[in-house]
Amino acid sequence: MKNFISDSKGYYGEYGGAYIPEMLRHNVKELGDIYFDLINSDGFQKEYRNLLKNYAGRPSPLYFAPRLSEYYKANIYLKREDLNHTGSHKINNTLGQILLAKYMGKKRIIAETGAGQHGVATATVCALFGLECIVYMGEVDIERQQPNVKRMEMLGAKVVPAKSGSRTLKDATNEALRDWIANPEDTFYIIGSVVGPHPYPDLVAYFQSIISSELKEQLVEQNGDENPDYIIACVGGGSNAAGIFYHYIDNHKVKLIGVEAAGKGVNTDLNAASIKNGHRGVIHGSMTYLMQDDDGQIIEPYSISAGLDYPGVGPLHAWLNDSGKAKYIEATDQQALDAAYRCARLEGIIPALESAHAIAALDIMSFNTNDVIVINISGRGDKDMAAYIDSLKYLNNYE
Amino acid sequence: MNRIDSLFQNKKAQILSVYFTAGYPELEDTMKIIETLDKSGADMIEIGMPFSDPVADGPVIQESSKIALGNGMNLDLLFKQIKTLRQKTQIPVILMGYINPVFRMGMEIFLNKCQHAGIDGLILPDLPAEEYEEHFKSLFEERGINNILLITPQTSDTRILEIDNLSRGFIYVVSNYATTGGQSDFSSNQLSYFRRIKNLNLKNPLMIGFGISDKKKFNTVCEYAAGGIVGTSFIQALNEQGKIEKKVGEFVQKFKEVL
Ligand SMILES: Cc1ncc(COP(=O)(O)O)c(C=O)c1O
């Protein structure tokens, strides 16, 4: 059996695999047996490419950001995933997975969501394909990402609150998995990031890889060289990062930087920096870095950004980290807010709080004046206006 | 001889296995519950090792796990509590739980502690059969600990035969598409699934679990399997007012009565 990046059992080095109870095995194996050939079939590719172009609005622009470049004394490009239909990179993945569901004859779609971007992107493709849609979302996230809850409902999805644990993304994922256990026959689970049991990390990374295949062409066109010095992306589960890293993995000319959420600080109890603070462990069917205590209980994470508020990370990133193929740094809530305001004021672009963590790398790292830096703007900030308005006092610093 | 193996050698029908979550309702209830279950006539005991994210469990066991962890239960403490297990009882005891805390401790250290405490078997639902076979089977066998594997209504006959070959002790037949605790009556689909498994004439005895809430359902599963596993409804019984000994005794009695 062939795979995109992971080995035939879904491992990246020692990470990944499919640590799932027997109740999920049939579904996961059914998908694992067909995804590679199905995705590579002419019919699938034709339909997928058409939807990416004419429905999602791809290619997303690569934009040279002159005022950020001047401010940071480097050549900064923004990959504008925020301009996709539904406002983030998540649509690249949900269009792919809804096609898998269609080819497999599934009638009912479930998903988990943190920031609500994946939920919206799933509700959107379900409307498009006329399929029932149930989205699990932590109660805390329902509160802090209200606009997206309303969007999902308008699109016809049912949003079910997850009330256990920290009532965020991890707990929403638990509920989605429980739903799948109870409804194994007609239901397809559209996972929102490069997490979960094999084959999910592999297929989600593939669906997001469109970001770096476009980037290569756009960089040649605009800068005469497909290789930038740095590619920077935020890492929750790690799908937007996986997508923009994808075609540059093992390209030694390009430094790949993932930015995790440091919340109130990596040395406090309130962060979601799983690579920095985690230990090898199993979450949602995958061996990876996991924030856990000495007894192996999962630690409830924290970030101002709902999309990064997850105690694990995709196994691909665990492997990229250990092998030195990519480097992971952390940005705090405050650094992300700073970066969001800077991007807004200098470029007229309000980024999602998640993406703001990637932009914060410009403050955290140091660069040379000739460096070409690409930052993935994974989503737009509309959904985060409540949090941004909350920090209005803080906005005065910029006046 | 492994106590699970001798149980099934000596008793072929109406085997009652009872699950409870360690550290629930009170932190120090573990040994009291074990001893009372034994005295009341349960045949086998499954001790749940509570986990923060019990994905395969329904609301009742989720809640008991949360309370147990809140009470301060952890693996080290559990092993301390059951240090005197084998001075007190010879009932077969299985530990059941999610793989992450076990990996965190280290599988080998964990198995050594199990062997030391006199644990007879393990149920680790999110350790897939393939991973077990490739990496851990010999570690289990050297210590005489049975790994109990699950089958579900979706498990194909070929895979059931593979699991039968890999299993020791018994096979855990999950009764339904559900997390633990589904309560409605058995459907005709479930009964024909039980019949299909029974007719495969596997090497290992069968125990049916998930959703066995009363004596009537227990009797039904006993027509197809060596016995049944009761968890959620036992946790619910523990939840009620009264002394542990009395609640446990009365609960087991209900399953022992001849209808
Ligand atoms: C805009 C945006 N960026 C990033 C993420 C984080 O996910 P991932 O790390 O999978 O890209 C999310 C998740 O909700 C998101 O909405």
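First the proteins, then the strands, lettered A, B, ... as listed; each starts at 1.
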Is [X] close to chain A through its backbone or its side chain, or both, or neither, when contacts mean heavy atoms under 4.5 Å?
X      : answer
B:E63  : neither
B:M49  : neither
B:Q154 : both
B:L150 : both
B:I163 : side chain

Looking at [options], which has the largest count of heavy-atom pairs under 4.5 Å with chain A?
options                        : value
B:P125, B:P59, B:G58           : B:P125
B:D57, B:I151, B:L124          : B:D57
B:T152, B:L127, B:T155, B:D126 : B:D126
B:V174, B:D76, B:L69, B:N100   : B:N100

Q. Between B:D214 and B:S233, does any side-chain donor sit less than 3.5 Å from a side-chain acceptor?
A. no
Q) Is the closest side-chain donor-acceptor distance between A:S166 and A:T168 under 3.5 Å? A) yes
Q: Please find out if less than 6.0 Å separates the ring center of B:Y177 from that of A:H26.
A: no
Q: Mind ranking A:I299, A:I181, A:T173, A:D179 by heavy-atom pairs under 4.5 Å with chain B and telling me who comes out on top?
A: A:I181
Contacting region of [X] [heavy-atom separation from chain B under 4.5 Å]:
X      : answer
A:K29  : neither
A:R178 : both
A:L290 : side chain

Per-pair distances, 0.1 Å, donor-acceptor, side chain in residues 204-211 of chain B, under 3.5 Å, sequence neighbours excluded:
{"unit_1": "B:N204", "atom_1": "ND2", "unit_2": "B:D164", "atom_2": "O", "d": "2.9"}
{"unit_1": "B:N204", "atom_1": "ND2", "unit_2": "B:D164", "atom_2": "OD1", "d": "2.7"}

Q) What heavy-atom pair brings B:F51 and A:G296 nearest, and what distance separates the two atoms? A) CE1-O, 3.3 Å
Q. What closest approach, in Å, do B:L75 and A:D295 show between heavy atoms, and which atom pair accounts for it?
A. N-OD1, 3.1 Å
Q) Would you say A:L31 and A:L203 make side-chain contact, with heavy atoms under 4.5 Å? A) yes
Q. How would you list, by chain and number, every residue that makes a side-chain contact (heavy atoms from CB on, under 4.5 Å) with B:Q115, sequence neighbours excluded?
A. B:N112, B:R143, B:I145
Q: Give the intermediate values and the outcome of salt bridge (charged side-chain N to carboxylate O under 4.0 Å, His left out) for residues A:K170 and A:E300.
A: CA-CA 8 Å; A:K170 162 179 78 78; A:E300 305 295 350; 3.3 Å; yes
Q. Do any of residues 182-190 of chain A have a heavy atom less than 4.5 Å from a heavy atom of chain B, and if so, which, in residue order?
A. A:A182, A:P184, A:E185
Q: Could you walk me through whether B:F8 and B:M44 pass the side chain to side chain contact (heavy atoms under 4.5 Å, CB included) test, one step at a time?
A: CA-CA 10 Å; B:F8 286 98; B:M44 187 157 65; 4.2 Å; yes
**Q.** Qualifying side-chain hydrogen bond (donor to acceptor under 3.5 Å, both in side chains) pairs with a residue from residues 265-276 of chain A, counting only residues at least two apart or across chains
**A.** A:N271-A:N277
Q: Please assess B:R159 against A:E22 for the test side chain to side chain contact (heavy atoms under 4.5 Å, CB included), listing each intermediate value before the final yes or no.
A: CA-CA 11 Å; B:R159 180 158 173 87; A:E22 189 67 23; 2.8 Å; yes
